[in-house]
Number of protein chains: 2
Amino acid sequence: MIISLSTPLDMHLHLREGAMLRLVAPFSAAQFAGAVIMPNLVPPVDNADRLARYRAEIEAATAPYPFLPLMTLFFRPYDAATLQGLRDQIFAVKLYPEGVTTNSAGGVRDLTTIEPTLALMEALGIPLLVHGESHGFVLDREAEFLPVYERWARTFPRLRIVMEHITTAAALDLLERYPNLFATVTLHHLLITLDDVAGGLLQPHLFCKPIAKRPSDRDALLAAALRGHPKLMFGSDSAPHPIDRKEAAFCAAGVFSAPVLLPMLVELFERHDALDNLPAFVGGNACRIHGLTPPPRTVQLIAESWQVPARYGDVVPFAAGQTLRWRLVE
Amino acid sequence: MIISLSTPLDMHLHLREGAMLRLVAPFSAAQFAGAVIMPNLVPPVDNADRLARYRAEIEAATAPYPFLPLMTLFFRPYDAATLQGLRDQIFAVKLYPEGVTTNSAGGVRDLTTIEPTLALMEALGIPLLVHGESHGFVLDREAEFLPVYERWARTFPRLRIVMEHITTAAALDLLERYPNLFATVTLHHLLITLDDVAGGLLQPHLFCKPIAKRPSDRDALLAAALRGHPKLMFGSDSAPHPIDRKEAAFCAAGVFSAPVLLPMLVELFERHDALDNLPAFVGGNACRIHGLTPPPRTVQLIAESWQVPARYGDVVPFAAGQTLRWRLVE
C-alpha cells in the first residue's frame with residue numbers, strides 16, 4: 001500500500017549550520033517540498049549577506065532534492081529601507097523574546113517598542129512568526145504570552161501573525177477570535193505530554209521549548225490537527241543537538257524529529273481515520289494562508305515497517321528504537 | 001562564628017547499599033545524630049534478616065560517628081505475628097504505591113486492600129510513612145493522593161501517618177485538619193521549582209520524585225519550615241545515583257543533597273532570620289511527634305565559606321560548584 005502526499009511543507013525547521021546541517025538537512029529534503037528555516041543561529045540570520053550564504057549552504061546540503069528553503073529573518077527593529085531590501089529574500093520574520101529559548105539571547109527585550117517594525121511588516125505583507133513565551137513559570141509561559149498576540153492581532157489587522165509551535169488548548173482557542181492569527185504545531189506536541197518528559201524517568205531527548213503540557217492540551221491540539229483545522233499548520237520544530245548537549249548536566253532544548261516526520265504523521269492520522277485531512281495539515285493550509293506556490297512534488301510512503309535507529313551521527317532522533325509502520329519511498 | 005545544633009535528625013534518607021552506601025553514608029553521619037533509612041532496595045527491606053544485615057552495613061559505613069539509623073520496613077500486607085516480631089527492629093513502615101518512584105515495583109497496587117495491616121500498625125504504635133503520589137499527570141499526583149491520606153487519617157485516628165517529601169501547598173494545608181497527619185519536606189523542595197528543573201536548560205541533577213512544583217508551592221513550604229511548623233519535619237530524601245544514570249537518555253529520579261544539608265539549611269534559615277526555628281525543623285519536631293530519644297549529640301557549623309565539589313566519587317551533589325557560607329566542624 002502506498003500513500004502519496006502532494007507538496008508537503010514543514011513550516012518550522014531548525015537546520016543549524018556546517019556539519020550538523022549537512023547531517024540533518026537531507027532528512028527534511030527527502031520528505032518535504034520545502035520548509036520554513038529558523039534564523040536563530042549564532043550570530044542570527046539578520047542581514048542580506050547572511051541570508052544569501054545560509055540559503056546557499058542549505059541548497060548545497062539538500063541537493064539534489066527539489067527542496068524550497070523558506071528563509072526567515074531574525075527579528076530586529078528594522079527600518080523600511082532594510083525590510084524593503086530584504087523582502088524578496090525572505091518568507092517571514094521570526095521574533096524571539098530575549099532569552100526564551102536556544103540562541104535567543106539577541107531577541108527582543110521590550111515587546112512594547114517594536115510596533116513601528118510590525119507596522120512596516122504589515123504594509124509590506126511580511127508574516128510575523130513568533131516564539132510566544134513569557135519569562136514566567138515554565139508551564140504558564142505560553143498562556144501568559146497570549147495577550148501579546150491579541151494586542152498585535154488587533155493593532156495590525158492585516159499583519160499575518162503565526163503563533164509558532166503551540167502547546168496549549170488556550171492558544172488554539174485564540175485562533176477563532178482573530179482572522180489574522182494562525183499557528184503551527186509540532187509532531188511531538190501531538191503525541192507527548194509532560195508525563196513523557198518527566199513523569200517516569202526524565203527523558204532529555206523529549207525536552208524542548210515550549211515544554212510539553214497537560215494531556216488535555218495535547219488532546220486538544222491533536223483533535224485540531226486531525227480535523228485539518230484551517231488555521232493550523234504542521235511545523236516540526238525539529239531541533240537537533242549532539243548527544244553530549246542532551247545527556248548532560250545542563251540539557252539543551254530541542255527534539256530531533258526530522259527523520260521520522262512523515263512516517264509518524266501518516267501513522268497518527270491513519271490510526272485516527274483522518275488521512276483525508278493530512279494534506280491540509282502538512283502543506284495545504286500553509287499554501288492557502290500564505291499564498292505559497294512551491295514547486296509541486298509528490299512524496300510517497302509505503303506500508304513497510306522499519307526501526308528508527310538509536311542515533312543518526314551524534315544525534316538521537318525522536319522515537320529512537322521504535323518500529324514505525326510507514327516508510328518513505330526514496 | 002559557630003552555630004551549634006543539638007541532635008539534628010534527617011527523617012528521610014536513601015543510603016543505598018555496598019560501595020554507594022560506603023560513599024554517601026559518612027556525609028549523613030557527620031551531620032546528623034540519626035536518620036530514617038528508606039527500605040526501597042532491590043530486593044526491598046521486608047524481613048528481619050534483611051533489616052539486621054542492612055543495619056549492620058550502615059553501622060559499619062557510618063562508624064565511628066554516633067549515628068542512629070532509624071530503620072524502616074517496606075510495606076507489605078504483614079500479619080500480626082510478623083509485625084510484632086519486627087516491632088523492635090524498626091522505627092516505621094514505608095508505603096509505596098506500585099511503580100511511583102525508584103525501586104517501587106514491589107509497592108502496593110490496590111490501596112483499598114491494605115487496611116487490615118494499617119489497623120495492626122495502629123494497634124502496635126508503628127508509624128506509617130507514605131510516598132503519596134497517584135499515577136496521574138505528574139504535577140497532579142500529590143494532590144490526587146491527598147484523599148487517601150484523609151481516609152486513612154479518619155479511619156485510623158491513632159495511626160501516625162507521615163506524608164513524605166511534600167511538594168505542594170495543598171498537602172501542607174491538610175496538616176491542619178487531621179491530628180494524626182504529619183509531613184516531611186526536603187531541602188531542595190524549599191529552594192527549587194519546576195523552573196529550576198526544566199525552565200531553562202533541563203537539569204537532571206534536580207530531577208526527583210515528587211517533581212518540584214510551582215513557586216507558590218515552594219514558597220508555602222519554605223514559610224512553614226521557617227516558622228518551625230510543629231507538624232513538619234526535615235527529611236532530605238537525599239537519593240544518590242551514579243552520574244551515568246543521571247546524565248543519560250533515561251535519567252533516574254533523585255537529588256543527592258547529603259553533603260550540603262546542614263550548611264545549606266543554616267544559610268537558608270539565617271537568610272530569613274529564622275535560625276531560632278531550625279532546631280525544631282531538623283529534629284525537635286520529630287522527637288516530639290514520634291517520642292524519639294536518640295543519643296544526644298551536638299553538631300557545629302562555622303561561618304567559613306567552601307565550594308561544593310563537582311562530584312563525590314561518581315555522584316554529582318546538589319549545589320555542585322556553589323559556594324556555601326557555613327562549613328561543618330568535623
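Letters A, B, ... mirror the listed sequences (proteins, then strands); counts begin at 1. Not measured: the values here are computed from a predicted model.
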(message) If I measure from the heavy atoms of chain B, does A:Phe250 come under 4.5 Å with its side chain, its backbone, both, or neither?
(response) both
Between chain B and chain A, which donor-acceptor atom pairs come closer than 3.5 Å, counting both backbone and side-chain atoms?
| unit_1 | atom_1 | unit_2 | atom_2 | d |
| --- | --- | --- | --- | --- |
| A:Val138 | N | B:Asp195 | OD1 | 2.7 |
| A:Asp140 | OD1 | B:Arg214 | NH1 | 3.4 |
| A:Asp140 | OD1 | B:Arg214 | NH2 | 2.9 |
| A:Asp140 | OD2 | B:Arg214 | NH1 | 2.7 |
| A:Arg141 | NH1 | B:Gly199 | O | 2.8 |
| A:Arg141 | NH2 | B:Asp195 | OD1 | 3.4 |
| A:Arg141 | NH2 | B:Gly199 | O | 3.3 |
| A:Asp195 | OD1 | B:Val138 | N | 2.7 |
| A:Asp195 | OD1 | B:Arg141 | NH2 | 3.4 |
| A:Gly199 | O | B:Arg141 | NH1 | 2.8 |
| A:Gly199 | O | B:Arg141 | NH2 | 3.3 |
| A:Gly199 | O | B:Lys209 | NZ | 2.9 |
| A:Gly200 | O | B:Lys209 | NZ | 3.0 |
| A:Leu202 | N | B:Cys251 | O | 2.9 |
| A:Leu202 | O | B:Cys251 | N | 2.8 |
| A:Lys209 | NZ | B:Gly199 | O | 3.0 |
| A:Lys209 | NZ | B:Gly200 | O | 3.0 |
| A:Arg214 | NH1 | B:Asp140 | OD1 | 3.4 |
| A:Arg214 | NH1 | B:Asp140 | OD2 | 2.7 |
| A:Arg214 | NH2 | B:Asp140 | OD1 | 2.9 |
| A:Cys251 | N | B:Leu202 | O | 2.8 |
| A:Cys251 | O | B:Leu202 | N | 2.9 |

(request) Side chain from CB out, backbone as N, CA, C, O: work out which of these in B:Ile211 comes under 4.5 Å of a heavy atom of chain A, or both, or neither. (result) side chain
(request) Heavy-atom pairs under 4.5 Å with chain A are the metric here; pick the option from B:Gly199, B:Ala248, B:Ala249 that has the most. (result) B:Ala249
(message) Can you tell me which of B:Gly136, B:Ala252, B:Ala198 forms the most heavy-atom pairs within a distance under 4.5 Å of chain A?
(response) B:Ala198
(request) Please report the shortest heavy-atom distance between A:Pro215 and B:Phe137, naming the atom on each side. (result) CD-CD1, 3.4 Å
(request) For residues A:Leu202 and B:Pro204, determine if any side-chain heavy atom of one lies less than 4.5 Å from a side-chain heavy atom of the other. (result) yes
(message) Is A:Leu139 close to chain B through its backbone or its side chain, or both, or neither, when contacts mean heavy atoms under 4.5 Å?
(response) side chain
(message) So, using side chain to side chain contact (heavy atoms under 4.5 Å, CB included) as the criterion, who are the partners of B:Ala143 when residues are at least two apart?
(response) none
